[in-house]
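See structure below.
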Amino acid sequence: MHFTTMAFSSFLTLFLFTTSLSTVVSFEFQVGGLKGWVVPPANDSKIYNDWASENRFKADDAVRFRYKKDSVMEVTKDEYKRCNSTQPSFFSNTGNTVFQFSRSGTFYFISGANGHCEKGQRMIVKVMADDESSEKSSAVRTPTSWLGFMKLVSASLALSILF
C-alpha cells in the first residue's frame with residue numbers, strides 16, 4: 001500500500017510540474033546550420049532559399065544569423081531581386097544577429113557585404129499566418145513543445161513506477 005501511495009505522489013508531482021509549464025510558442029532557427037550565414041558554394045547558390053522552404057515559420061519565430069566580417073539586411077522584394085543594399089528596413093553586422101518575425105508574410109534577406117548577394121547569400125522566408133500553420137502537420141515544426149514532451153516523459157515515468 002505504501003508503494004502505491006508513493007508512486008501516486010510521484011506521478012502527481014510530475015503531472016503538476018508538466019501542466020504548470022507553458023507551451024513553447026516560438027522557435028529559433030539557425031540560418032545555414034553549422035556553417036552559418038556565408039557565401040554559398042558556386043554550385044549551390046540557392047542553399048538558403050532551399051533551407052527556408054524546408055522549414056515552417058510562424059509569427060514570433062526567429063532566425064539567427066551567425067557570420068564573420070559580413071552583415072544581414074532585411075530588404076524589399078525589388079531590392080532582393082537587384083541585390084540592392086542601400087535602403088534596408090533592418091541591418092545588423094554584429095556577427096550574431098537574431099531577427100524575430102513579428103507578423104506573417106514574406107521577408108527578404110541579403111548580405112550587405114560587397115558581391116555576396118550576387119553569389120547567392122540571400123534568402124526569402126515565408127512566415128505563415130496562424131490559420132495556415134494550424135492546417136499543417138505538427139510533424140513539420142520541430143522541436144515539439146516542452147509541454148507535450150514533458151507529458152510524454154511523465155506518463156512514461158508514471159507507468160514505469162506503477163508497473
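What you see below is based on every heavy atom in this structure, not just the backbone, and it leaves out hydrogens, waters and symmetry mates.
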Check against side-chain contact (heavy atoms from CB on, under 4.5 Å), K35 and I47: CA-CA 11 Å; K35 292 181 183 177; I47 189 170; 5.5 Å; no

Does N114 have more than 12 heavy atoms from other residues, nucleotides or ligands lying within 6.0 Å of its CG?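 Incorrect, the count does not exceed 12.
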
Would you say Q87 has more than 12 foreign heavy atoms packed within less than 6.0 Å of its CD?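 Not more than 12 within 6.0 Å, no.
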
Spatial distance of atom [atom1] ([X]) from atom [atom2] ([Y]) [nearest 0.5 Å]:
X    : Y    : atom1 : atom2 : value
S26  : K58  : OG    : NZ    : 9.0 Å
N96  : K68  : CG    : NZ    : 12.0 Å
D61  : S104 : CG    : OG    : 12.0 Å
I110 : E118 : CD1   : CD    : 8.0 Å
R66  : Q30  : CZ    : CD    : 5.0 Å
E79  : S89  : CD    : OG    : 7.5 Å

Ring geometry between Y80 and Y108 (parallel below 30°, tilted from 30 to 60°, perpendicular above 60°):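 Because their plane-to-plane angle lies in the 30° to 60° range, the rings of Y108 and Y80 count as tilted.
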
Give the C-alpha distance, both sets of side-chain angles, the deciding distance and a yes or no for side-chain contact (heavy atoms from CB on, under 4.5 Å) between V31 and F29. CA-CA 6 Å; V31 176; F29 297 84; 5.8 Å; no

Looking at [Y], is its backbone amide N or carbonyl O close enough to the side chain of [X] to form a donor-acceptor pair, meaning the two atoms are under 3.5 Å apart?
X    : Y    : result
S92  : T97  : no
S45  : A42  : no
Q100 : A62  : no
R122 : K119 : no

Return the minimal non-hydrogen interatomic distance between I124 and A52, and the atom names on each side. O-CB, 3.3 Å

Are [X] and [Y] connected in the hydrophobic side-chain network, where two residues link if heavy atoms are under 4.5 Å apart?
X    : Y   : answer
M123 : V39 : no
M73  : W51 : no
Y67  : F90 : yes
F91  : F65 : no

Flag for D78-T76: side-chain donor and acceptor within less than 3.5 Å: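 No, because no side-chain N or O of T76 sits under 3.5 Å from a partner of the opposite role on D78.
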
Verify side-chain contact (heavy atoms from CB on, under 4.5 Å) between W37 and V72, making sure each step is shown before the conclusion. CA-CA 8 Å; W37 182 240; V72 62; 3.9 Å; yes

Might you work through the side-chain contact (heavy atoms from CB on, under 4.5 Å) test for V63 and F107, ending with a clear yes or no? CA-CA 11 Å; V63 286; F107 293 79; over 6 Å; no

Would you say the ring centers of Y48 and F109 fall short of 6.0 Å from each other?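 Not under 6.0 Å, so no.
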
